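All remarks here apply to the structure that follows.
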Amino acid sequence: LSWTTFTTKTGLIIPLYILCSRIVWALNKLLSHAYILISFFKQRAQSNLERECRNMFEINLERTIDAPKSKVWQTIIDCEAYPDWNPFVINCKSTFEIGSPIVMEVAVIRCLPMKQKETIRQNIEFELLEYCIHIPLLLHSSRSHILKESSGDKTFYESKFQLTGLLSTLVGLLLGKQLIRGFTEMTNALVQRCEGETKKVVNTSGNDRQTKKGHTSKRD
């Protein structure tokens, strides 16, 4: 190996070594910054979740109804019949198409029914109906009727109501008891309407719960 050949090869290796070293250094820096960014967004998401959980008011009711899903579903979407059986939502108008309005007269306070307009968010026939109100940051209201098949041609029905946002805690404090009373009365009335007045309401033991600020209470 001549001196000329040696110096030529050495002259190529050294720049390649320096280039590779700089690439490795740049990748390490990039990974380090990426880790910092991921940690930051992860902490922010966790903080937002904790804040949202603190600003939450939720009512969940569950019943087993001695009637097929089709009958329960039809009772829920038959707006014209609401005045005949529903003590909470005493009037209702909607096409129930996704994105369309649902206009209700709600007796949160018995002697002072209030008109309320919400938007249909989900409609899966015989399974799920959800409508909501959304005021960015301040208040998001979600109301769901969930139907599942149960044994013996019965229906497992879930009534869900959830408030989140900065004003949810205040609304829960001011109207929480009235909302619990209203949704419970409506749920029981739905069972009676579907089963018939002479049949006994079958209540899923221990499954009624009202959640507020992360605390859960159950009714025996």
Side-chain angles (χ1 to χ4, degrees), residues 43-65 72 76-77 82 86-92 94 96 98-124 127-148 156-191 201 203-220:
Q43 290 176 358
R44 185 174 179 180
Q46 186 175 358
S47 176
N48 289 339
L49 180 61
E50 290 175 353
R51 185 166 57 251
E52 184 174 324
C53 288
R54 287 195 300 269
N55 295 321
M56 179 184 292
F57 179 85
E58 187 174 21
I59 301 170
N60 296 323
L61 303 169
E62 298 176 354
R63 297 287 189 274
T64 297
I65 304 176
V72 179
I76 292 170
I77 65 171
Y82 270 37
N86 196 329
F88 188 49
V89 183
I90 58 179
N91 280 297
C92 178
S94 181
F96 295 107
I98 295 176
S100 66
I102 176 170
V103 181
M104 299 169 286
E105 194 173 351
V106 185
V108 177
I109 301 173
R110 291 183 191 272
C111 61
L112 191 64
M114 299 180 296
K115 284 195 174 182
Q116 191 162 307
K117 183 178 179 181
E118 303 190 18
T119 303
I120 302 295
R121 184 179 182 186
Q122 294 189 78
N123 184 343
I124 303 174
E127 293 185 9
L128 171 64
L129 179 65
E130 181 189 4
Y131 38 94
C132 64
I133 297 174
H134 183 65
I135 305 173
L137 295 178
L138 296 179
L139 193 67
H140 178 80
S141 163
S142 173
R143 166 74 166 122
S144 301
H145 302 270
I146 303 169
L147 281 64
K148 299 176 183 177
F156 182 72
Y157 170 73
E158 295 181 72
S159 168
K160 292 191 174 184
F161 175 74
Q162 186 181 82
L163 287 175
T164 55
L166 298 176
L167 296 179
S168 61
T169 302
L170 179 62
V171 174
L173 288 171
L174 295 176
L175 300 174
K177 290 183 179 180
Q178 290 86 348
L179 288 168
I180 295 169
R181 182 266 308 162
F183 283 115
T184 302
E185 288 182 353
M186 178 176 175
T187 300
N188 291 337
L190 175 66
V191 176
V201 175
N203 181 12
T204 305
S205 178
N207 279 333
D208 282 10
R209 56 192 183 278
Q210 181 264 325
T211 306
K212 184 177 179 183
K213 292 187 177 180
H215 299 288
T216 302
S217 60
K218 294 185 179 181
R219 192 179 72 186
D220 294 331

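These numbers come from a predicted model, not from an experiment.
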Taking Asn123 for the side chain and Phe96 for the main chain, is one N or O donor matched with an acceptor at less than 3.5 Å? yes
From [atom1] ([X]) to [atom2] ([Y]), nearest 0.5 Å:
X: Met104; Y: Lys115; atom1: CE; atom2: NZ; answer: 12.5 Å
X: Thr184; Y: Arg63; atom1: OG1; atom2: CZ; answer: 6.5 Å
X: Arg143; Y: Gln116; atom1: CZ; atom2: CD; answer: 11.0 Å
X: Leu179; Y: Ile59; atom1: CG; atom2: CD1; answer: 5.0 Å
X: Phe88; Y: Arg110; atom1: CZ; atom2: CZ; answer: 10.0 Å
X: Ser168; Y: Leu173; atom1: OG; atom2: CG; answer: 9.5 Å

According to salt bridge (charged side-chain N to carboxylate O under 4.0 Å, His left out), who are the partners of Glu118, at least two apart in sequence or on a separate chain?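 Listed in chain order: nothing, the list is empty.
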Smallest separation among heavy atoms of [X] and [Y], with atom names:
X: Tyr82; Y: Cys92; value: CD2-CB, 3.7 Å
X: Leu167; Y: Leu139; value: C-CD1, 4.1 Å
X: Lys117; Y: Ile133; value: O-CG1, 3.9 Å
X: Ser94; Y: Pro101; value: OG-O, 3.0 Å
X: Ser141; Y: Phe161; value: OG-CE1, 3.5 Å

Applying side-chain hydrogen bond (donor to acceptor under 3.5 Å, both in side chains) to Thr119 and not counting sequence neighbours gives none
Pairwise side-chain contact, [X] with [Y], heavy-atom cut-off 4.5 Å (strictly under):
X: Phe156; Y: Ile65; answer: no
X: Thr169; Y: Phe57; answer: no
X: Asn60; Y: Glu58; answer: yes
X: Ser100; Y: Ile102; answer: no
X: Tyr157; Y: Thr187; answer: yes

Testing Glu130, Gln122, Arg121 for side-chain hydrogen bond (donor to acceptor under 3.5 Å, both in side chains) with Ser142, which one passes?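 Testing each of Glu130, Gln122, Arg121 against Ser142, the sole residue satisfying side-chain hydrogen bond (donor to acceptor under 3.5 Å, both in side chains) is Glu130.
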Residues, nucleotides or ligands: over 12 heavy atoms within 6.0 Å of Leu138 CG: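 More than 12 heavy atoms, drawn from other residues, nucleotides or ligands, come within 6.0 Å of this atom.
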Over 12 non-hydrogen atoms of neighbours within 6.0 angstrom of CZ in Arg181: yes
Plane angle bin for Tyr131 and His145 - parallel if under 30°, tilted between 30 and 60°, otherwise perpendicular: tilted
Going by atom types alone, do Glu158 and Ser144 pair a side-chain donor with an acceptor below 3.5 Å? no
